[in-house]
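Computation of the quantities below employed the complete heavy-atom set of this structure, encompassing side-chain atoms and omitting hydrogens, waters and symmetry-equivalent molecules.
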Amino acid sequence: PDALFHRWRVGHWQWPLGAIITGLLVAAVLDIREPWYAGVAASALGIVSKRAFRTRWTNLLNPAAFGLVCVTYLFDSALSWRGAMPGIVPVAAWPLLAASGIYVVHRVRRWPLVVAFFAAYFALFSVATFVLDPEDVAEVFVAPDLHAVVFFAVFMLPAPPTSPAPERAQAVAGVIVATLSVAAFLTA
């Protein structure tokens, strides 16, 4: 859909890099046992959302995240966060994954967003261990949940089209996303 839309709107073909990234993120997060059409639908819905939900300057939603949320409701699809790769990637490859995450955050200049997210996320869950039964929240501090949140924070959260550019706004957005994530986890 992305290449066709660009061809229709601008009049020439362009390599659909955004669509490829959306598809890769969907493939990394959607459970491997889901039918093929769930991945196709998530990618297509994400790409369409990029054109449908935007301001003049930017996307309002992360296309991959939007598509994944849609298929969880449409097909009751499971998400595995396979992209976080706990147990799949050998320990020797973890420094490469960490380096690529650091590179992405540095390249898109989203350090305040990521640091504020991690600080709020782990602070809120730490407080929750004192308020609730610690066993109810312990899983967020170990694999695979820990890997999933790191993957989300360094690869999905800092996407430039869907995250603010000013540093103060990044910090505020990081705290808001962390708070919503913790609230969603605790009320599920």
Please examine the side chains of [Y] and [X], heavy atoms only from C-beta on, and report whether any two atoms are closer than 4.5 Å.
X	Y	answer
Val149	Phe141	no
Leu113	Phe117	no
Phe185	Val137	yes
Val48	Phe53	no

Do the side chains of [X] and [Y] join up, straight or via other hydrophobic residues, at under 4.5 Å, putting them in one cluster?
X	Y	answer
Val150	Ile102	yes
Tyr73	Phe66	no
Phe152	Val108	no
Val182	Val175	no
Ile176	Met156	no

Minimum heavy-atom separation for [X] and [Y], please, with both atom names.
X	Y	value
Val154	Gly101	CG2-CA, 3.9 Å
Ser43	Gly23	OG-CA, 3.7 Å
Phe151	Val29	CE2-CG2, 4.0 Å
Leu30	Ala38	CD2-C, 3.8 Å
Leu45	Gly67	CB-CA, 4.3 Å
Pro63	Lys50	CG-CB, 4.0 Å

- Item | Side-chain donor or acceptor of Thr72 paired with backbone N/O of Val69 under 3.5 Å | yes
- Message: Given 3.5 Å as the limit, does a donor-acceptor pair link the side chain of Gln170 with the main chain of Ser163, or not?
- Response: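 No: the side chain of Gln170 does not pair with the backbone of Ser163.
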Please output the side-chain donor-acceptor pairs of residues 121-130 that fall under 3.5 Å, not counting sequence neighbours, one pair per line with the distance.
from	atom 1	to	atom 2	distance (Å)
Ser126	OG	Phe122	O	2.7
Thr129	OG1	Ser126	O	2.5

For atom [atom1] of [X], is the number of surrounding heavy atoms from other residues, nucleotides or ligands below 6.0 Å larger than 12?
X	atom1	value
Arg109	CZ	no
Tyr103	OH	no
Glu167	CD	no

- Message: To the closest 0.5 Å, what do you measure between CG (Asp31) and CG (Leu68)?
- Response: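 So the CG of Asp31 and the CG of Leu68 are separated by 11.5 Å.
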- Message: Can you list everything that forms a side chain to side chain contact (heavy atoms under 4.5 Å, CB included) with Arg51? Sequence neighbours excluded, please.
- Response: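 For Arg51 the side chain to side chain contact (heavy atoms under 4.5 Å, CB included) partners, ignoring immediate neighbours, are Asp2, Phe5.
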